[in-house]
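So the structure is just underneath, and the comments pick up after that.
Counting starts at 1 for both ligands and their atoms, in listed order.
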Amino acid sequence: MKLGLEGRHALVCASSRGLGRACAVSLAGEGVSLTLVARGRDALEETAAHIRRTSGVQVHAVVADITTAVGREAALAAHPAPDILVTNAGGPKPGHFRDWNRETWMAALDANMLAPIEMIRATIDGMARRRFGRIVNITSAAVKAPIDILGLSNGARSGLTGFVAGLARQYVAHNVTINNLLPGPFETDRLLETAHQWAKDQGRDPDEVLARRRAANPAGRFGLPHEFGDACAFLCSAQAGFITAQNLLLDGGSYPGTF
Ligand SMILES: NC(=O)c1ccc[n+]([C@@H]2O[C@H](COP(=O)([O-])OP(=O)(O)OC[C@H]3O[C@@H](n4cnc5c(N)ncnc54)[C@H](OP(=O)(O)O)[C@@H]3O)[C@@H](O)[C@H]2O)c1
């Protein structure tokens with residue numbers, strides 16, 4: 001299936017590694033030019049070079065922190081009128097709610113709720129005027145089934161989800177859709193680092209911990225980033241104009257509910 005995206009431009013936030021990178025790679029494979037954003041220059045330049053080499057599309061690489069106003073301005077300056085916006089940022093650290101104060105909460109809200117909303121605010125009206133727009137927010141399976149130690153993520157991402165559920169209905173008639181992708185366990189740096197840290201804290205062997213987590217998933221494995229990227233590219237496709245305000249869980253069947 002051709003996704004009808006040739007010549008479009010996507011701004012993919014937090015995209016030097018992991019799920020953001022995978023979305024960028026899949027979109028580039030469909031002929032979409034890109035603005036990539038991350039804080040660290042080396043991985044970002046490496047990803048940009050890899051995508052240029054393998055797909056031939058134009059790639060702007062912007063070193064910026066997407067959770068700050070200055071960072072968002074820099075990202076938008078590279079290409080102010082994207083057809084596709086993928087919002088993403090690092091996830092909050094695990095912890096216990098009694099240890100979190102207003103500052104901790106505001107940092108989580110900035111990263112996982114307000115930054116995506118600001119990026120949407122800056123781009124959605126142009127998309128509506130041009131009668132094509134696709135917005136995909138990378139959230140988390142924690143929106144559907146909260147994870148006890150990730151209370152900051154559960155809360156901030158649910159706030160974003162509630163907000164876009166209302167907004168999406170106001171824009172779909174202009175061929176602008178907003179959907180959320182909810183990753184379960186995907187084999188990225190974040191997952192591996194978190195698992196290694198947890199194993200170290202518990203005095204356990206990281207390989208054994210990872211093997212148990214893989215076995216506990218109905219699929220018997222973690223998700224692969226390219227599977228996530230391809231789901232994102234489909235939601236951005238010309239064909240997906242009737243899919244909006246959805247929360248698509250990609251978790252190998254971990255969530256036990258019927259719906
Ligand atoms: N992987 C999973 O299994 C999983 C499951 C559920 C939810 N998630 C969520 O999905 C998101 C992506 O996870 P991932 O596994 O792909 O993480 P990852 O492998 O750690 O990659 C994170 C990417 O985001 C960039 N980034 C982080 N904070 C940024 C910021 N403030 N501004 C700009 N770029 C930023 C990082 O580059 P720099 O550090 O250089 O900025 C990197 O490119 C996270 O919010 C995570 O919590 C992941």
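Looking at ligand 1, you'll find an N or O of G90 within less than 3.5 Å of one of its N or O atoms. Polar contact with ligand 1: absent for S140 (N/O pair, distance under 3.5 Å). Between R190 and ligand 1, an N or O atom pair is found at a separation short of 3.5 Å. Residue contacts with ligand 1: G184 is placed with a nitrogen or oxygen under 3.5 Å of a nitrogen or oxygen of the ligand (distance criterion only).
Here A64 has backbone heavy atoms under 4.0 Å from ligand 1, and that is the only part of it that gets that close.
The distance from ligand 1 to the heavy atoms of T139 drops below 4.0 Å at these ligand atoms: 7 (C), 9 (C). Close approach of ligand 1 to G40 is summarised as follows: ligand atoms under 4.0 Å from at least one heavy atom of the residue are 38 (P), 40 (O), 41 (O). Listed by number with element, the atoms of ligand 1 under 4.0 angstrom from any heavy atom of T67 are 31 (N). Those atoms of ligand 1 with a heavy atom of L19 less than 4.0 angstrom away are 10 (O), 16 (O), 48 (C). For ligand 1, the atoms lying closer than 4.0 Å to a non-hydrogen atom of D189 are 19 (O).
Among residues at least two apart or in separate chains, there is no side-chain hydrogen bond (donor to acceptor under 3.5 Å, both in side chains) pair with a member in residues 51-60.
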Just list the side-chain donor-acceptor pairs under 3.5 Å for residues 218-230, sequence neighbours left out, or say none.
{"unit_1": "R221", "atom_1": "NH1", "unit_2": "E227", "atom_2": "OE1", "d": "3.1"}
{"unit_1": "R221", "atom_1": "NH2", "unit_2": "E227", "atom_2": "OE2", "d": "2.8"}
{"unit_1": "E227", "atom_1": "OE1", "unit_2": "L224", "atom_2": "N", "d": "2.8"}
{"unit_1": "D230", "atom_1": "OD1", "unit_2": "S26", "atom_2": "OG", "d": "2.6"}

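Remark: E187 engages R214 in a salt bridge, criterion side-chain N to carboxylate O under 4.0 Å.
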